[in-house]
K.L.:
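Here it is, the structure, as structure tokens.
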Amino acid sequence: MDNALCFVIFYGSEFKLKNLSLVASSLDEYRTWKFGLQKLEESAKNATYQIQLERWLRREFYLMEKSGADTVTLKHFKAWMQKINCKINNKDLRDKFQEVAKMSESIPYQYFILLFKKIIHVPWIIDNYLESFADYQNSKKLISPNKFQQFLMNEQKESWAENMPKVKTMMVDFVADAMRHKGNIYFEDNEFEDYLFSSANSIWDSEYDKVSQNMDLPLSNYWIASSHNTYLTGDQVSSNSSVDAYVRCLRMGCRCIELDCWDGPDSYPSIFHGHTLTSKIKFLDVIQAIKEHAWTASDYPLILSIENHCGLGQQRNMAMAFKDTFGEDLLMDPVEPLDMSKLPSPYKLRRKIIIKHKKLPREGSEDQFVTVRSSDERDNDISSSAIKTGVLYLEDPMEPVWHPHFFALTAFRLFYTKETDQDNDDEIDEDLLSQSQTQNQSSTELHYSEKWFHGKLEGGRRKADELLNNHSYLGDGTFLVRESETFIGDYSLSFWRRGETQHCRIKTKQELGQLKYYLIETALFDSLYDLITNYRHNPVRGQDFSMRLSEPVPQINSHEGKEWYHDNMERVDAEDMLRRIQNDGAFLLRRGAQNNYAISFRADNKVKHCRIEVDGRLFVIGEAQFESLVDLVQYYEKNPLYNRIKLKYPVNQTVVERRGSVSNHIHDSSVSGGAMGMNYVNPNDLSKVLIPDDDENSIYGDGIYHSPNQLVSKLKVKAIADYQANRADELSFNKGSIITNVNKADGGWWRGDFNDKRQNWFPEHLVEELDLPEESEDTSPLGALQKGFIDIQGCRVETSGRADKPFTFMIYTRTSPQPLEVAADNESDMRDWMSNIANCTQQTQQTKQKDKQLERKKCLARDLSDLIVYAVAVPFDLDRALKGPINCCEMSSFSEMKVEKYLTRHQAASFVKYNTKQLSRVYPKGSRMDSSHYDPMPMWNCGCQMVSLNYQTPDRSMQLNEGRFMRNGRCGYVLQPDVMRAKDYSPFSKQCLQNVDPLTLHITVLGARHLLKSGRGFACPFVEIEIAGTETDNSKFKTPKIDDNGLNPTWRENCSNTFDITCPELALIRFMVQDEDVFGEPKFLGQATFPVSCLRTGYRSVPIQNGYSEELEMAALLVHIDKKNPRESEESDIYACIQDLRDKKKDLEEQIGTYQKEGKQQSVQRLMEELSLTEENLLAKNDERRQRKKYQKILGIDDFKRSHEMQSAGHSSIKKQESVAAFGHSPKRHEIVKHQNSAPMLGRKQESMKGSVEDLTAKGDEEKRAQRKKYQRILGIDEDIASSEDEKMLMYQRVAKQEKNQYFEIEEIRAQKKKRSKEKN
């Protein structure tokens, strides 16, 4: 096969992409495919909103069930509405359908589009926020080019909108009617709404899509996108390593990637996570992929962080491979005369690959080199500190079965994980489970889905003879294909001919790197499937016969006779049997009366069920597909079926009689029926509930449970008062009770475990957190996967001498009365483990010191050392870095645990100073075996350049990382703010931010579109907005939920919030959309994260992305965003007051904490009273701020100071048109409309206000000042604007007059709306 004709298509929306490998038949065909695919990609990226919508609707229309080839009925449309996540009243849907269908029972595609647009359009948004930009014509709201231009310039602040031709061109992309593309173009209200939600109106400023920052500053002045353990696609223990992971990270803009190198075959290293079960990839394959993709996303320098565990020989080969592969791209010498005080710039290092590693001193020097990680930096990372690792076996407590566990021996402890799958190669690839994926598999796998393929047929040739004899009635040509017993990797074709069974060997061989299949060498086939297909159409020719293959031998029911299979078993019998087995993972598989299958199992001390559907020859459970029930069981013996539960213990009557307990046949009120007929039984009560005989409906219908592997919270709290639950989902407790597994939530309510209640709610203010010692790396280096450990100091080991398990030994410890019995695979392994444990027992402190010495004396090949120029890895010494002469080429790496002490209020300034000159890299602690993350914000705030994250993990930290590196053309380098290089900068000090312009961000969430959820039911979305920045800027806001609408929800109240940000250049904003399920639990729907300084103001669309920051099709939020410098706005006084109160509150809290530790209770009491008063004042000021904004918005006064400046320029009164414009453009205009019905009250209020102003001169000085302050507070009037009492009086009169004019404008608008309504009727 010619490699020049091969190509691979990568696709998907997760970190690990799917791929399709193809080969063209000729060079012309290859070029045609390549050109076509490039055009398709370009078209998809640049498609307008109307084209995207058209493609989506057309795809949905042709995939949905229809009455005919080209029409859909109301019933079909109703079903489709459920799919797109919108619950709509039947009557409303029927009315809209008939409005489009014109009395017809079905509609074609063009009317399907009209109906969809009627449903998705929400007039409320334009009616209440943007009506001033719409004109009425024949009872329709239309937006002319002039009005659209006004909207773009006044609300959106779009400078390009001054060009009317550009405005009209923009409108064309959203106008569905081609007749309006030329000449009299205008928007209908639904088209205007489409524009608002489209990517063309994105909140993201596209100016930042290109490199726009100064790239000529030293490398230490930039944040650098960095990856940790780049090769992994999952967890840190048993996931696959992949070359594609490097490609994915590089194409995402990552500029620092990690290579863990261990001695490998063929004199070159392997890359994997050492001392774990992760798979290995070749070092040479990785650096070749890096060469091919290094400059795809960015031309700026790429840093390779090398974790070297190789011997000297392979280190020399590594250095040679770096030079040969990267050539001139590899940095081996300084790019300019070496200046120890500063690093070169990213611009000067363009298209250079920098190796980060420890470095030997110059030849002849007496200095000693040090390793990247000294012993105090390792945090007991198993991959570095383990003396011996491997798989040992522990006996099951319930039955004589030994299960494998991963063990790791360190100097002082023996750690072990939960049950481990020892052989990853036997795991079933999940991509093979879905029939939809079959078409995307390589041709060598197509035969697995065919009826004629019988796999590794138990009994081999003899069984094939038996099957063909039994099915001889199908005639000559009846056949089957099986894996060959004699020739491994080949296959056997067995067929029936003239009363006898014939067998032919199907051979395989490699030809030009491609596996070929054949019966005779002159006829080669690319796949087994192709071979059989050929001989079903063309005869198989032998010396004395010629015959086509005809009917395949049916598959055998391999599950019959298995110990876990039960034929014709009802669910109640399965539950009764499983209640007697008290082990999670106990299971059985049964066939019901309706020929449906189900799997029943124990999980979380309850009996649960999942239905197994039969689809042809496949067995389907949830979305997974299997060729046999045996395959299904084998898969879920290795992979979790529900939460972390795998199938472990097959249950049948014999097992129950031998080990089961007696079932009590009583009715129990604790048994509750769930939706879809599911019954949850408390197995501890051994109760049995009477179930209807209809087993068809009793099996749980939602398929496999999908739940993340959640870690248990270690937070505990103590109750400081009694509490009696008011609802079933709340906890009741007494003062002093300890609540465990606490998960904090917003709104003053937390969740936790107490007595027999799990994750129920309780009030936050009635508890106090317990200060528990943080679990150290020393006791939990395996993180969430760790099951336990043994302290081996003073322990004793000896063989067990068991006849049934020869290679077992006992570990006796001082802390446990019972020894731990473990087993090895062979005597040599057992002796090795015993010897190592005994040696560790004898060598305690001496072993630790020796380990440190060995770490320092690890050899490093000179060839590799000479490649290190600007990233010399050294242990961190803060005193040396601050006092001594610096070497900017030296850098240090920190685990997240070690760096924490430099992120404190006292150390942060020093750490920031270090980072201004030298590079630092932070990586996750060793116990994050599940590839979880720390919060990167504190490290970024202190100037850490390389904050390394697991790119394969889709969580908040990785999404913040994507937001951080969105700007500057996604080149992987973002310039840190100037303030971070100031001498007095500290992220904990507001004093250093005096010269930084703060930002007040006011955000209103208006609506959303196309929010899809997985699983059944409708989404109940709510939006959480988070500001992540400095400690003082961090804040969150959450909207209410909208019931049963993910298609076009709108938020009409409690949907806005104001964020005060002291350092906008450091801050990120994260929009997270979640679905609240029936239990009140939030479920992730989507998110979007941006730098605050890169947002556009006005009414903006927020494109929603999945957890991997890949955009979700059509999904978007609509928000109104307003940005102001509070020091220059009309609310500068109240802003300053609020900031002072916040600072005072923070200082008081710190003083209280200090005095509490010192036991000064009187001082604590005094400060508590002062803190309470400060909090009250802060609440009052915030309320005053909201009220002032409310009055300003209602009255259309966006900036009173601006109004005064207009007056002082010669305008004696505010013009009616300006008043109407201000009124119309107010984001809160709908509040005016809500007050229309109380117009007489408003009139009386205005007359009263006017009278009060006129009577000010007749009142005493004190009363005048009080009255004046009242209106100043309400209207936000700065007294300093006016210089005299007469001017102040005139100002108040003008405000009253303006209010009165606006009231009459409201009445006029109201009358016009009534008139139009009558004309319409």
Side-chain angles (χ1 to χ4, degrees), residues 237-238 275-277 382 386-409 413-428 562-564 578 580-588 601-603 630 633-641 644-652 654-660 782 785-792 795-813 816-838 929:
V237 173
S238 59
H275 299 299
T276 66
L277 303 177
I382 287 297
I387 295 171
K388 181 175 177 61
T389 63
V391 174
L392 295 174
Y393 301 85
L394 297 177
E395 188 175 15
D396 192 282
M398 298 301 299
E399 56 184 352
V401 176
W402 294 77
H403 298 293
H405 297 259
F406 178 71
F407 279 72
L409 176 64
R413 291 184 175 90
L414 178 63
F415 301 93
Y416 57 97
T417 66
K418 299 171 184 178
E419 186 178 335
T420 303
D421 290 329
Q422 191 171 1
D423 188 0
N424 285 335
D425 294 336
D426 290 339
E427 291 187 5
I428 301 173
K562 296 294 183 181
E563 57 184 343
W564 37 260
L578 286 169
R580 300 167 184 257
I581 308 299
Q582 301 297 309
N583 289 82
D584 282 352
F587 75 99
L588 58 85
F601 60 98
R602 286 189 65 100
V630 174
V633 170
Q634 289 175 349
Y635 177 81
Y636 288 113
E637 285 177 336
K638 296 180 179 181
N639 299 275
L641 172 64
R644 295 176 181 267
I645 303 301
K646 302 177 184 179
L647 303 182
K648 290 184 180 180
Y649 312 113
V651 175
N652 52 42
T654 303
V655 173
V656 171
E657 291 174 355
R658 185 173 73 247
R659 298 194 294 104
L782 298 177
L785 301 178
Q786 181 170 309
K787 183 176 182 180
F789 70 90
I790 301 169
D791 191 341
I792 63 172
C795 76
R796 175 170 54 90
V797 292
E798 60 182 42
T799 57
S800 304
R802 288 182 56 161
D804 60 330
K805 194 73 174 175
F807 309 120
T808 58
F809 60 97
M810 312 290 287
I811 304 177
Y812 297 87
T813 66
S816 175
Q818 297 294 329
L820 179 69
E821 186 175 25
V822 296
D825 286 318
N826 51 60
E827 183 176 3
S828 174
D829 196 25
M830 178 187 74
R831 297 295 179 189
D832 192 28
W833 275 102
M834 293 177 64
S835 174
N836 277 284
I837 294 173
M929 290 296 199

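Side chains are part of it too, since the values below use all heavy atoms of this structure and drop only hydrogens, waters and symmetry mates. FYI, the numbering just counts along the sequence from 1.
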K.L.:
How many angstroms lie between CG in Leu647 and CG in Leu588, if you round to the nearest 0.5 Å?
P.N.:
10.5 Å
K.L.:
Any chance you could measure Gln634, atom CD, to Asn639, atom CG, to the nearest 0.5 Å?
P.N.:
12.0 Å
K.L.:
side-chain contact (heavy atoms from CB on, under 4.5 Å), that's the test. Do Val656 and Leu578 meet it? Break it down for me.
P.N.:
CA-CA 8 Å; Val656 171; Leu578 286 169; over 6 Å; no
K.L.:
Taking the side chain as every heavy atom from C-beta outward, state whether Ile811 and Pro819 have any atom pair closer than 4.5 Å.
P.N.:
no
K.L.:
Under 3.5 Å, side chain of Lys646 to main-chain N/O of Lys638, donor-acceptor pair present?
P.N.:
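Such a contact is found between Lys646 side chain and Lys638 backbone.
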K.L.:
Run through Phe789, Tyr416, Tyr393 and flag the one making a ring-ring contact (aromatic ring centres under 6.0 Å, His included) with Phe407.
P.N.:
Tyr416
K.L.:
One pair to check against side-chain contact (heavy atoms from CB on, under 4.5 Å): Cys795 and Ile837. What are the steps and the verdict?
P.N.:
CA-CA 9 Å; Cys795 76; Ile837 294 173; 3.9 Å; yes
K.L.:
Going by the rule side chain to side chain donor-acceptor pair (under 3.5 Å), which residues pair with Asn826 if we only count those two or more places apart in sequence or in a different chain?
P.N.:
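For Asn826 there are no side chain to side chain donor-acceptor pair (under 3.5 Å) partners, ignoring immediate neighbours.
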K.L.:
Side chain to side chain contact (heavy atoms under 4.5 Å, CB included) with Leu414: which of Thr813, Leu409, Asp791?
P.N.:
Leu409
K.L.:
Before you tell me yes or no, could you show the steps for Arg802 and Glu821 under salt bridge (Lys or Arg N to Asp or Glu O under 4.0 Å), namely the whole-Å CA-CA distance, both residues' side-chain angles and the distance that decides it to 0.1 Å?
P.N.:
CA-CA 11 Å; Arg802 288 182 56 161; Glu821 186 175 25; 3.2 Å; yes
K.L.:
Looking at side-chain heavy atoms only, is the closest gap between Thr799 and Met830 below 4.5 Å?
P.N.:
yes
K.L.:
Can you list everything that forms a side chain to side chain donor-acceptor pair (under 3.5 Å) with Arg831? Sequence neighbours excluded, please.
P.N.:
none
K.L.:
Counting distance only, does the side-chain N/O of Ser835 pair as donor-acceptor with the main-chain N or O of Asp832 below 3.5 Å?
P.N.:
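Between the backbone of Asp832 and the side chain of Ser835 there is no qualifying donor-acceptor contact (under 3.5 Å).
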K.L.:
Going from CD1 on Ile387 to NE2 on His275, what distance comes out if it is rounded to the nearest 0.5 angstrom?
P.N.:
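The CD1 atom of Ile387 sits 10.5 Å away from the NE2 atom of His275.
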K.L.:
Go through Trp564 and Val651 one step at a time and tell me if the side-chain contact (heavy atoms from CB on, under 4.5 Å) criterion holds.
P.N.:
CA-CA 6 Å; Trp564 37 260; Val651 175; over 6 Å; no
K.L.:
Step through the shown structure and confirm whether more than 12 heavy atoms of other residues, nucleotides or ligands are within 6.0 Å of NZ on Lys562.
P.N.:
no
K.L.:
Minimum heavy-atom separation for Gly390 to Trp833, with atom names?
P.N.:
N-CZ2, 3.8 Å
K.L.:
Which distance, rounded to the nearest 0.5 Å, do you find between the CZ of Phe809 and the CG of Leu820?
P.N.:
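If I round to the nearest 0.5 Å, the distance is 8.5 Å.
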K.L.:
List the residues meeting side-chain contact (heavy atoms from CB on, under 4.5 Å) with Glu563, not counting sequence neighbours, and say none if there are none.
P.N.:
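By the side-chain contact (heavy atoms from CB on, under 4.5 Å) rule, Glu563 matches Pro650, Asn652.
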K.L.:
Backbone N or O of Phe406 within a donor-acceptor pair of the Thr417 side chain at under 3.5 Å?
P.N.:
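Yes.
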K.L.:
Report yes if some heavy atom in the side chain of Leu392 is under 4.5 Å from a heavy atom in the side chain of Asp825; otherwise report no.
P.N.:
no
K.L.:
Any side-chain to backbone donor/acceptor pair from Arg602 onto Ile581? Under 3.5 Å, distance only.
P.N.:
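Yes; judged by distance alone, with no hydrogens or angles, the pair exists.
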K.L.:
What is the distance from atom NZ of Lys648 to atom NE2 of His403, rounded to the nearest 0.5 Å?
P.N.:
6.0 Å
